Q: 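Okay, here's the structure, questions in a sec.
Computed from a predicted model, the values in this text were never measured in an experiment.
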Amino acid sequence: MLPALIERSATKVAAAGFGLTLALLLVTALHSATPTTSARSGPIVIGHRGACGYLPEHTLESYALAHGQGADYIEPDLVRTSDGAFICLHDIYLEPTTDVAAVFPGRARADGRYYAVDFTLEEVRRLRVRERLDRRFPQGASRFAIPTFEEMIELVAGLNRTTGRRAGIYPELKNPAFHSAEGLRMEEAFLAITRRYRLGASDALPIFVQCFEPGPLRELRRLGSSLPQIFLLDDDAAAQVTAAGLDAIAAYADGIGPSKVLIAHDPALVARAHQRGLTVHSWTFRVDDVGKGYATFEDELEAYYRRFEVDGLFTDFPDRARKWLDR
């Protein structure tokens, strides 16, 4: 049954215009997918920027591979273009992962950076995405593009339908304060998209919404959103995770997303969060950049899933985390 679904998935994706690369990727990747009928209730695997340990981050190909590798949730980072579109991009800058400097010479700001908010969606579609890291997918190989948030949603929903899985999405609102200052507030427009696709409904894509800024999460609540929200915490956020700090976070968020370094320095953090009903999803776990003190990637997974008891983690290698959990 699954091989037939795989072939139909590839045909449909190719017909939708995503291209041969993605269609062939599905044929191979979905052979290893583990069908599930609902979102998992136990510890989860979150595909960080897709499966970016294998393919360039925030591309439809990377998202499709993460789905095929069994990620429970797939993460798109979101920024806006000058005409208001939401695109999947880790930075507010285009040059780290695209050929924007070659395609649009002279369009950088005074600081030398190429800001996504200075380009229309049509201009962004002219760019080629490249791998950020030398040690990963060959830089400059093949052709990858920046997708819109809507395209990412439709891809994951389509794969769920044709494979019988129920993977979710885990969008991060990137630098909402910066976008506000540029006249491109994120919250209301983002919420409109989630409502159009009925994200979070029992028969639609599961979702978590994450952000490093508390203001946008409070604003989403004010606008009537009941979607589960995660407040992200960096390495130096110790002052925010005291008992009082977690109580404050619980007023507008359903969970926290602490860096793995923050948990390593304060292992009791997970228990304090759980005492307040807060979910804990830690980041970021990489086979080619294992945390200090761990001999292998699997040793690190063992520590965070089993010893620290996180509820999920972000990884560039969702297949490896899925295999560890499923064993």
Side-chain angles (χ1 to χ4, degrees), residues 46-50 52 56-64 66-67 71 73-98 100 113-121 123-125 127 129 132 144-157 167-200 204-221 223 225 227-232 253 257 281 283-284 314:
I46 304 154
H48 182 239
R49 310 180 197 176
C52 68
E57 65 186 53
H58 295 310
T59 59
L60 293 179
E61 291 87 346
S62 183
Y63 297 145
H67 191 285
Y73 286 82
I74 302 167
E75 180 206 32
D77 293 324
L78 302 180
V79 304
R80 301 193 77 181
T81 61
S82 63
D83 47 352
F86 282 88
I87 58 173
C88 302
L89 189 73
H90 174 66
D91 300 300
I92 58 175
Y93 315 112
L94 289 162
E95 76 276 2
T97 55
T98 76
V100 64
R113 308 304 300 265
Y114 290 80
Y115 290 76
V117 295
D118 293 336
F119 294 82
T120 66
L121 177 59
E123 289 174 325
V124 168
R125 290 199 186 279
L127 305 178
V129 173
R132 178 192 296 263
F144 300 93
I146 295 175
T148 65
F149 183 34
E150 291 92 335
E151 288 166 345
M152 187 270 182
I153 293 170
E154 291 171 9
L155 174 73
V156 177
I169 63 172
Y170 208 126
E172 179 186 344
L173 299 180
K174 279 286 181 182
N175 294 31
F178 165 81
H179 284 88
S180 257
E182 296 289 322
L184 288 164
R185 287 181 60 84
M186 304 188 84
E187 298 89 344
E188 195 163 354
F190 168 77
L191 198 54
I193 294 173
T194 68
R195 287 170 173 167
R196 186 161 74 249
Y197 286 95
R198 302 178 55 253
L199 301 181
L205 292 182
I207 185 174
F208 283 99
V209 181
Q210 57 176 333
C211 190
F212 275 102
E213 300 173 22
L217 298 178
R218 292 192 184 100
E219 177 64 8
L220 288 173
R221 286 284 184 259
L223 291 170
S225 174
L227 300 176
Q229 299 188 157
I230 303 294
F231 181 52
L232 295 170
H281 295 156
W283 53 273
T284 301
F314 290 80

Q: Rounded to the nearest 0.5 Å, how far apart are CZ of Arg218 and CZ of Phe231?
A: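 Output value for this atom pair is 8.0 Å.
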
Q: Show the nearest heavy-atom pair for residues Pro56 and Val129, with the distance to one decimal.
A: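 Reported closest heavy-atom pair: CB-CG1, 4.1 Å.
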
Q: Does Thr148 reach the side chain of Arg125, with side-chain heavy atoms less than 4.5 Å apart?
A: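 A side-chain contact under 4.5 Å exists here.
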
Q: Given side chains that start at C-beta, do those of Pro216 and Glu187 come closer than 4.5 Å, heavy atoms only?
A: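 Pro216 vs Glu187: side chains touch.
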
Q: Nearest 0.5 Å, what's the CG-OG distance between Leu121 and Ser82?
A: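 Between atom CG of Leu121 and atom OG of Ser82 there are 9.0 Å.
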
Q: Contact between Leu220 and Leu173 at the side-chain level, heavy atoms closer than 4.5 Å - yes or no?
A: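 Contact flag for Leu220/Leu173 side chains = yes.
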
Q: Do Leu94 and Ile146 have side chains that approach each other closer than 4.5 Å (heavy atoms only, starting at C-beta)?
A: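 The answer is yes; the side chains approach within 4.5 Å.
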
Q: Would you sort out whether Glu57 and Thr97 count as a side chain to side chain contact (heavy atoms under 4.5 Å, CB included), showing the intermediate values?
A: CA-CA 8 Å; Glu57 65 186 53; Thr97 55; 3.9 Å; yes

Q: Parallel, tilted or perpendicular for Trp283 and Phe212, by the 30°/60° rule?
A: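 Trp283 vs Phe212 ring planes: perpendicular.
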
Q: Output the distance between atom OG (Ser225) and atom CD (Glu188), rounded to the nearest 0.5 Å.
A: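 These two atoms lie 12.5 Å from each other.
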
Q: Please round to the nearest 0.5 Å and tell me the distance separating atom CG of Leu155 and atom OH of Tyr63.
A: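 These two atoms lie 9.5 Å from each other.
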
Q: Less than 3.5 Å apart, any donor N or O on the side chain of Glu150 or Tyr197 sitting next to an acceptor on the other?
A: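 Looking only at side-chain atoms, Tyr197 and Glu150 do not form any donor-acceptor pair under 3.5 Å.
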
Q: Could you go step by step and tell me if Phe178 and Val117 meet the side chain to side chain contact (heavy atoms under 4.5 Å, CB included) rule?
A: CA-CA 10 Å; Phe178 165 81; Val117 295; 3.9 Å; yes

Q: Closest approach of Asp83 and Phe119, non-hydrogen atoms and distance?
A: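 Minimum heavy-atom separation between Asp83 and Phe119: OD1-O, 4.3 Å.
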
Q: In plain terms, say whether Glu182 and Arg80 are close enough for a salt bridge, that is, a side-chain N and a carboxylate O under 4.0 Å apart.
A: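 No, no charged N to carboxylate O under 4.0 Å.
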
Q: Identify the two heavy atoms, one from Ile74 and one from Ala66, that lie closest to each other, and give their separation to 0.1 Å.
A: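 Closest approach of Ile74 to Ala66, heavy atoms only: CG1-CB, 4.2 Å.
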
Q: Does the side chain of Met152 reach to within under 4.5 Å of the side chain of Ile169, using non-hydrogen atoms?
A: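 Counting from C-beta outward, Met152 and Ile169 do come under 4.5 Å.
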
Q: Given side chains that start at C-beta, do those of Ile92 and Arg113 come closer than 4.5 Å, heavy atoms only?
A: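 Answer no - side chains too far apart.
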
Q: Are Leu78 and Cys88 close enough that some pair of their side-chain heavy atoms sits under 4.5 Å apart?
A: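 Yes - at least one pair of side-chain heavy atoms lies under 4.5 Å apart.
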
Q: Looking at Thr194 and Leu191, would you say the former's side chain and the latter's main chain have a donor-acceptor pair under 3.5 Å?
A: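 Yes.
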
Q: To the nearest 0.5 Å, what is the distance between OG (Ser180) and CD (Glu219)?
A: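 Ser180 atom OG to Glu219 atom CD measures 9.0 Å (nearest 0.5 Å).
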
Q: Can you give me the closest heavy-atom contact between Val79 and Asp91, atom names plus distance?
A: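 Heavy-atom minimum between the residues: CG1-O, 3.5 Å.
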
Q: Ignoring hydrogens and geometry beyond distance, is a side-chain donor-acceptor pair present between Tyr73 and His281 at under 3.5 Å?
A: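 Checked: Tyr73/His281 side chains show no N/O donor-acceptor pair below 3.5 Å.
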
Q: Rounded to the nearest 0.5 Å, how far does CD1 of Ile153 lie from CD1 of Ile207?
A: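 That separation rounds to 7.0 Å.
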
Q: Tell me the closest heavy-atom pair linking Ala145 and Pro147, and the distance in Å.
A: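 Shortest heavy-atom separation between Ala145 and Pro147 comes out as O-CD, 3.4 Å.
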
Q: Going by heavy atoms in the side chains, are Phe86 and Pro171 under 4.5 Å from each other?
A: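 A side-chain contact under 4.5 Å is absent here.
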
Q: Donor-acceptor check, side chain of His179 to backbone of Lys174, threshold 3.5 angstrom: yes or no?
A: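 Side chain of His179 to backbone of Lys174: a pair is present.
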
Q: Might you point out which heavy atoms bring Leu227 and Gly200 nearest each other, and give the distance in Å?
A: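 Smallest interatomic distance, heavy atoms only, reads CD2-CA, 4.3 Å.
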
Q: Apply the test ring pair (Phe, Tyr, Trp, His ring centres under 6.0 Å) to residues Tyr114 and Tyr93: give CA-CA distance (whole Å), side-chain angles for both, the deciding distance (0.1 Å), then the verdict.
A: CA-CA 5 Å; Tyr114 290 80; Tyr93 315 112; over 10 Å; no

Q: Do you know which of His58, Arg49, Gln210 makes side-chain hydrogen bond (donor to acceptor under 3.5 Å, both in side chains) with Glu75?
A: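 One option only clears the test, and that one is Gln210.
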
